[in-house]
Amino acid sequence: MKIVYGPVASWRLGRSLGVDLICSPNKICSFDCIYCQLEKAEKLTAQRDLFISIEQLKDELKNALEKTTPDVITLSGMGEPTLANNMHEVVELIRGLTDLPLAILTNSSLLYDKNVQKTLRNLDIIVAKLDAPDQELFQKINRPASGITFEKTLRDIKELRRGFHGKFALQIMFMNENKNYAHELADLAKEIKPDEVQINTPLRPCAVEPLPKKELDEIEKAFTGLNTISVYHSPKPMTDPLDKLELIKRRRMEP
Ligand code: SF4
């Protein structure tokens, strides 16, 4: 399995060259979201570990950058990328190879780890997940690994945001379970003060029905005063993936 894949046509990031820090055929994540498009987690864990080789990444990324010019490089993966305990070395390597903006898609659950926060502060774009306004819905929607709570996750998102000088986006996935909590989530977003709120609903095949455009448009109104983008109103760019098979393996990941 290759570490570098894409470029992916992302409605939030443009032509995004993915770096998969987990690179496992099966998902390894600290959440088991009810709307996840990946198979059930091989491992539900908050324990950081080593998944990819820096040498392999160096070869693949150099090769990819000779063949394609993406808008952004995105740390993502077959699960939660901050679980990779060599994320700091990965960031250093990428910074040494290219001046392209560096982004991450994270579920925000490992931000209690000061090393994770320190590394994330070196990125240009952070897209942090927040789907629930309280512990009950957090448990119901995100089904986190043991020890991860709503209260601590929210506290850590706020702390990271305060110390981050790049673009900080909050991603919220709306579905039937949380569609009546848009105002509560908007209030939390106002406390977090992101540069952008990404209003999403699971459009790819998964166990949860997406909300129709009309409902998502209503939800977006609750976020008036914040800078929002919505999946229904954000066209995807054209891309020409380097390796279609590698992309298909990860097609179920949210870009
Ligand atoms: S949607 Fe993302 S955070 Fe949630 S279980 Fe899937 S990979 Fe993990």
Item to check | L17 side chain reached by L61 side chain, heavy atoms, under 4.5 Å | outcome: yes
Checklist entry - Would E80 and K129 pass as an ion pair if we require N to O under 4.0 Å? => result no
Checklist entry - Using a distance-only test with no angle check, is there a side-chain donor-acceptor pair under 3.5 angstrom linking S109 and S30? => result yes
Next on the checklist: Quick check: closest heavy atoms across D240 and P7, and the distance to 0.1 Å?
Outcome noted: O-CD, 3.8 Å
Item to check | Audit row: Q198, N200, side-chain contact (heavy atoms from CB on, under 4.5 Å) steps and yes/no | outcome: CA-CA 6 Å; Q198 301 172 348; N200 204 357; 5.8 Å; no
Next on the checklist: Distance check, rounded to the nearest 0.5 Å: I172 atom CD1 versus F223 atom CZ?
Outcome noted: 3.5 Å
Item to check | T201 side-chain N/O to F174 backbone N/O, donor-acceptor pair under 3.5 Å | outcome: yes
Checklist entry - Do K179 and E215 meet the salt-bridge criterion of a basic N to acidic O distance under 4.0 Å? => result yes
Checklist entry - Does a side-chain heavy-atom distance below 4.5 Å link L203 with Y232? => result yes
Item to check | For P133 against L185, the heavy-atom pair lying closest together | outcome: N-CD2, 3.9 Å
Checklist outcome for this item: What one should report as the nearest heavy-atom pair of C36 and K27 is SG-NZ, 3.3 Å
Checklist entry - Are any of the side-chain heavy atoms of L100 and I94 separated by less than 4.5 Å? => result no
Checklist entry - If you look at every heavy atom in L123 and A103, which pair is closest and at what distance? => result CD1-C, 4.4 Å
Next on the checklist: Tell me whether the count of non-hydrogen atoms from other residues, nucleotides or ligands lying under 6.0 Å of CD in E191 goes above 12.
Outcome noted: yes
Next on the checklist: For the backbone of P144 and the side chain of N142, can you confirm whether one donor and one acceptor N or O come within less than 3.5 Å of each other?
Outcome noted: no
Next on the checklist: If you apply the rule side-chain contact (heavy atoms from CB on, under 4.5 Å), what do you find for L120 with F164, and how did you get there?
Outcome noted: CA-CA 8 Å; L120 293 187; F164 183 62; over 6 Å; no
Next on the checklist: Tell me if a side-chain donor or acceptor on R48 pairs with a main-chain N or O of T82 at a distance below 3.5 Å.
Outcome noted: yes
Item to check | side-chain contact (heavy atoms from CB on, under 4.5 Å) between M175 and I34, intermediate numbers included | outcome: CA-CA 10 Å; M175 64 215 92; I34 56 171; 4.0 Å; yes
Checklist entry - How long is the gap from CD1 on I28 to CG on N26, to the nearest 0.5 Å? => result 8.0 Å
Checklist entry - Can you check whether H88 reaches N115 side chain to side chain, under 4.5 Å on heavy atoms? => result no
Checklist entry - Side chains of L111 and V116: closer than 4.5 Å at any heavy-atom pair? => result yes
Next on the checklist: Any side-chain to backbone donor/acceptor pair from S76 onto G18? Under 3.5 Å, distance only.
Outcome noted: no
Checklist entry - With a 4.5 Å limit on heavy-atom distance, are the side chains of V8 and T74 in contact? => result no
Next on the checklist: Counting only heavy atoms from other residues, nucleotides and ligands, does the tally under 6.0 Å from NZ of K140 exceed 12?
Outcome noted: no
Checklist entry - Hey, is D124 close enough to R95 for a salt bridge, meaning N to O under 4.0 Å? => result yes
Checklist entry - Measuring from L75:CG to I22:CD1, what's the distance to the nearest 0.5 Å? => result 11.0 Å
Next on the checklist: For N178 and D131: C-alpha separation, side-chain torsions, deciding distance, then whether side chain to side chain donor-acceptor pair (under 3.5 Å) applies.
Outcome noted: CA-CA 8 Å; N178 63 354; D131 297 329; 5.3 Å; no
Next on the checklist: Please give me the minimum heavy-atom distance between A132 and F150, naming the atom from each residue.
Outcome noted: O-CE1, 3.0 Å
Next on the checklist: Is the shortest side-chain heavy-atom distance between L105 and L13 below 4.5 Å?
Outcome noted: yes
Checklist entry - So how far is it from Q171 CD to I126 CD1, rounded to the nearest 0.5 Å? => result 12.0 Å
Next on the checklist: Main chain of Q47, side chain of T45: is a donor-acceptor contact present, judged purely on distance under 3.5 Å?
Outcome noted: yes
Checklist entry - Between K152 and D156, does at least one N-O distance fall below 4.0 Å, as a salt bridge requires? => result no
Next on the checklist: Regarding D195 and R161, does a basic nitrogen lie under 4.0 Å from an acidic carboxylate oxygen?
Outcome noted: yes
Item to check | Check: G163 main-chain N/O paired with R121 side-chain donor or acceptor under 3.5 Å | outcome: yes
Item to check | M173 and I141: CA distance, side-chain angles, deciding distance, side-chain contact (heavy atoms from CB on, under 4.5 Å) verdict | outcome: CA-CA 10 Å; M173 188 71 92; I141 294 172; over 6 Å; no
Checklist entry - With a cut-off of 6.0 Å (strictly less than), are more than 12 heavy atoms of other residues, nucleotides or ligands near NE2 of H233? => result yes
Item to check | Audit row: R162, E159, salt bridge (charged side-chain N to carboxylate O under 4.0 Å, His left out) steps and yes/no | outcome: CA-CA 5 Å; R162 277 196 300 274; E159 185 187 324; 5.3 Å; no
Item to check | Flag side-chain contact, heavy atom, 4.5 Å: E184 against L188 | outcome: no
Checklist outcome for this item: d(E209 CD, L211 CG) to nearest 0.5 Å is 9.5 Å
Next on the checklist: So which atom in L83 and which in F51 form the shortest heavy-atom distance, rounded to 0.1 Å?
Outcome noted: O-CE1, 3.5 Å
Next on the checklist: What's the separation between atom OG1 in T228 and atom CG in L170, rounded to the nearest 0.5 Å?
Outcome noted: 12.0 Å
Item to check | More than 12 heavy atoms from other groups under 6.0 Å of NZ on K158 | outcome: yes
Checklist entry - Taking D20 for the side chain and K2 for the main chain, is one N or O donor matched with an acceptor at less than 3.5 Å? => result no
